[in-house]
Peer 1: 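I'd like to ask some things about the structure below.
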Amino acid sequence: MVTIKQIKELALVEKKYTSGFKQSGLLLETFVQQKYPQIQKQPACSEFDFKYNNLYMDIKGCWASEYNGNIFIESVQNTKIGSIPSHVKNPICMFVYVDYNNGDMFLINWPKLYNDIKDSSVVNGGYNAKGWIVNVNELMKQKLCIKI
């Protein structure tokens, strides 16, 4: 069984990395699948991480509890190469954000949220990313997110 503590420890080490792919993401997917075995893991080369019925999901890690509920959603994965994430190219998935500190999970209606923020300004993020900062508490008030 993968624990949130194991994922957090790895994510803390990987925070120092200067480029994208991180092993903590794979552990995070395993963690979510342990909690929700009914979701189907998509093949490694798939656009999204999971599928449940006809609903696609992407799993993301966050530090929301450290940042007053704020999370970062990438609009550009790496500005040096202009890589656009699948969820921007094809905004049909839901997001499951998992807080590394406490294991809290948030299901975000990305198609609706994307429609609301796609023309908003973005900020610089880690490892040359750009994206939007949104607050999960505000998203819950707007019925764009639920805690699961």
Side-chain angles (χ1 to χ4, degrees), residues 2 4 7-8 10-12 14-15 17 19-148:
V2 175
I4 198 65
I7 299 167
K8 177 184 178 178
L10 183 56
L12 284 170
E14 291 177 337
K15 257 184 152 179
Y17 291 8
S19 64
F21 185 77
K22 310 238 183 329
Q23 291 295 317
S24 58
L26 296 175
L27 282 182
L28 200 57
E29 290 173 10
T30 300
F31 177 78
V32 171
Q33 195 162 38
Q34 286 172 182
K35 288 188 158 282
Y36 301 101
Q38 66 273 28
I39 62 176
Q40 299 171 329
K41 177 79 176 110
Q42 295 296 100
C45 59
S46 298
E47 197 172 16
F48 303 112
D49 299 325
F50 290 95
K51 186 175 182 182
Y52 177 71
N53 292 332
N54 291 319
L55 181 68
Y56 291 98
M57 296 178 193
D58 250 0
I59 310 303
K60 310 283 186 189
C62 69
W63 304 94
S65 59
E66 284 184 27
Y67 296 102
N68 298 318
N70 291 326
I71 60 171
F72 180 79
I73 300 176
E74 290 178 333
S75 62
V76 178
Q77 291 168 316
N78 187 321
T79 57
K80 290 185 177 184
I81 60 173
S83 57
I84 306 299
S86 295
H87 63 263
V88 172
K89 290 180 197 172
N90 188 12
I92 62 166
C93 67
M94 302 293 269
F95 284 144
V96 176
Y97 268 80
V98 182
D99 192 314
Y100 291 123
N101 288 312
N102 54 26
D104 285 352
M105 301 172 93
F106 304 94
L107 179 66
I108 299 172
N109 183 339
W110 176 239
K112 174 71 173 109
L113 177 59
Y114 179 71
N115 192 53
D116 291 353
I117 67 171
K118 66 183 176 188
D119 297 322
S120 301
S121 59
V122 295
V123 299
N124 291 328
Y127 52 88
N128 301 311
K130 285 197 175 281
W132 301 277
I133 294 178
V134 297
N135 185 280
V136 292
N137 300 312
E138 288 300 316
L139 294 179
M140 283 190 272
K141 288 178 188 174
Q142 298 169 22
K143 308 266 190 259
L144 294 172
C145 172
I146 59 170
K147 192 172 179 180
I148 54 174

Peer 1: Taking the inter-plane angle between the rings of Y97 and F95 on a 0 to 90° scale, is it parallel (under 30°), tilted (30 to 60°) or perpendicular (over 60°)?
Peer 2: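 Rings of Y97 and F95: perpendicular, as their planes differ by over 60°.
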
Peer 1: Heavy atoms only: give me the nearest S24-L10 pair and the separation to one decimal.
Peer 2: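 Shortest heavy-atom contact: N-CD2, 3.5 Å.
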
Peer 1: Would you say Y36 has more than 12 foreign heavy atoms packed within less than 6.0 Å of its OH?
Peer 2: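 More than 12 within 6.0 Å, yes.
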
Peer 1: May I ask you to test the K130-N124 pair for a side-chain heavy-atom distance under 4.5 Å?
Peer 2: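 Yes. Closest side-chain heavy atoms under 4.5 Å.
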
Peer 1: Check whether any side-chain heavy atom of I73 lies under 4.5 Å from a side-chain heavy atom of Y114, and answer yes or no.
Peer 2: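 The answer is no; the side chains never approach within 4.5 Å.
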
Peer 1: Side chain of D49, backbone of I59: donor and acceptor closer than 3.5 Å?
Peer 2: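 Yes: the side chain of D49 pairs with the backbone of I59.
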
Peer 1: Which side-chain N or O atoms in residues 25-34 pair as donor and acceptor under 3.5 Å with protein atoms at least two apart or in another chain?
Peer 2:
from : atom 1 : to  : atom 2 : distance (Å)
E29  : OE1    : K41 : NZ     : 2.7
T30  : OG1    : L26 : O      : 3.2
Q33  : NE2    : I39 : O      : 3.3
Q34  : OE1    : V2  : N      : 2.8
Q34  : NE2    : V2  : O      : 3.1

Peer 1: Roughly how far, to the nearest 0.5 Å, is the CD1 atom of I92 from the CD atom of E47?
Peer 2: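 If I round to the nearest 0.5 Å, the distance is 6.0 Å.
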
Peer 1: When you look at V98 and I4, which way does the side chain to side chain contact (heavy atoms under 4.5 Å, CB included) test go after all the steps?
Peer 2: CA-CA 9 Å; V98 182; I4 198 65; 3.9 Å; yes

Peer 1: How far apart are the closest heavy atoms of A129 and E74, and which atoms are they?
Peer 2: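 Distance-wise, the nearest heavy atoms are CB-OE2, 3.9 Å.
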
Peer 1: Closer than 3.5 angstrom, by distance alone: can the side chain of N135 be matched with the main-chain N or O of N137 as a donor-acceptor pair?
Peer 2: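 Side chain of N135 to backbone of N137, a donor-acceptor pair under 3.5 Å: yes, one is there.
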
Peer 1: Give the ring-plane orientation class for W63 versus Y100, where under 30° counts as parallel, over 60° as perpendicular and anything between as tilted.
Peer 2: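 Aromatic pair W63/Y100 classed tilted.
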
Peer 1: Parallel, tilted or perpendicular for Y56 and F48, by the 30°/60° rule?
Peer 2: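 If you compare the ring of Y56 with that of F48, the planes turn out tilted.
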
Peer 1: To the closest 0.5 Å, what do you measure between OG (S65) and CG (N70)?
Peer 2: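 Rounded to the nearest 0.5 Å, the OG-CG separation comes out at 11.5 Å.
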
Peer 1: With sequence neighbours left out, write down each residue that passes salt bridge (Lys or Arg N to Asp or Glu O under 4.0 Å) with K118, or none if nothing qualifies.
Peer 2: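 Not a single residue meets the salt bridge (Lys or Arg N to Asp or Glu O under 4.0 Å) criterion with K118.
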
Peer 1: Quick check: closest heavy atoms across I71 and A64, and the distance to 0.1 Å?
Peer 2: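 Heavy-atom minimum between the residues: CG2-CB, 3.9 Å.
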
